[in-house]
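To find a chain, count down the sequence lines: A is the first, B the second, and so on, and within it residues start at 1. Note that this is a predicted model, so its numbers are computed, not measured. The figures that follow rest on heavy atoms only: side chains count, while hydrogens, waters and symmetry mates do not.
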Amino acid sequence: AQSVTQLGSHVSVSEGALVLLRCNYSSSVPPYLFWYVQYPNQGLQLLLKYTTGATLVKGINGFEAEFKKSETSFHLTKPSAHMSDAAEYFCAVSERGAQKLVFGQGTRLTINP
Amino acid sequence: EAGVTQFPSHSVIEKGQTVTLRCDPISGHDNLYWYRRVMGKEIKFLLHFVKESKQDESGMPNNRFLAERTGGTYSTLKVQPAELEDSGVYFCASSRGLPGEQFFGPGTRLTVL
């Protein structure tokens, strides 16, 4: 069965600092990989996804993530944090050919001025 | 384009009562999903509709939960009778079927007292 582990339920960084949110997955075959973000009082929004091809994927709002098969990881990064990045971030996987998403526990990102 | 809407946004009921949650997907999206997040835990898949048919209901916790999607448009999720452990946020999502591109609603927060 697939599973997703997000290291750190809360991450706090200073404005302008690097954002690094960690995600590791467990799957018998390389799955599709996703990062979603949830801003307060809103639904989850797709940030970026990896399905095939280039392992470094770029998403909205300056975020990017790199699929590393050998490490079974899909960490999310942003070079310079902005106050508007404060939100909860979810890493998710799905089996190729399947629709349902399997989520990690979520990481709440706080940006300090 | 209107997003996924869910009603109500909050519901507080007593144990043993019945509650019905509603989801209106994005127009033209044949795929509709229900997920649930119990406090402190990860978001978990409940079921997936393709039009009015249940494609995958492997995540439904027990027979107290009944999901319907009459006519392939909006969907309802009924909990009868509600138990304390049913408390959480229920998310609905819809898509055209592309991997991971599920558009989420803001969720319904259910509290069972």
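Among the candidates Q6(B), K41(B), E42(B), the residue making the largest number of heavy-atom pairs closer than 4.5 Å to chain A is E42(B). Among the candidates Q42(A), K100(A), Q45(A), Q105(A), the residue making the largest number of heavy-atom pairs closer than 4.5 Å to chain B is K100(A). Per-residue heavy-atom pair counts under 4.5 Å with chain B were compared for G43(A), S9(A), A92(A), and the maximum is reached by G43(A).
H48(B) is listed as a side-chain neighbour of N31(B), based on a closest heavy-atom distance under 4.5 Å.
A single hydrophobic cluster is not seen to contain both F103(A) and Y89(A); linkage of ILVMFWY side chains at heavy-atom distances under 4.5 Å, directly or through other members, places them apart.
A search for side-chain contact (heavy atoms from CB on, under 4.5 Å) contacts involving T110(A) returns S12(A), N112(A), not counting sequence neighbours.
Ring geometry for F74(A) against Y50(A) counts as tilted: the plane angle lies between 30° and 60°, on a 0 to 90° scale. Note on ring orientation: taking the six-membered ring where Trp is involved, the planes of F34(A) and Y32(A) are perpendicular (angle over 60°, cut-offs 30° and 60°).
Residues of residues 55-93 of chain B placed with any heavy atom under 4.5 Å of a heavy atom in chain A are listed by number as D56(B), S58(B), F91(B).
Contact annotation for Q38(A): only side-chain heavy atoms (C-beta onward) come within less than 4.5 Å of a heavy atom of chain B. Heavy atoms of E95(A) lying under 4.5 Å from chain B are absent altogether.
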Verdict with supporting geometry, T72(A) and S26(A), side chain to side chain contact (heavy atoms under 4.5 Å, CB included)
CA-CA 7 Å; T72(A) 60; S26(A) 172; over 6 Å; no
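Taken to the nearest 0.5 Å, the OG1 atom of T5(B) stands 7.5 Å off from the CZ atom of R22(B).
Environment of CG in L7(A): sparse, with no more than 12 heavy atoms of neighbouring residues, nucleotides or ligands closer than 6.0 Å.
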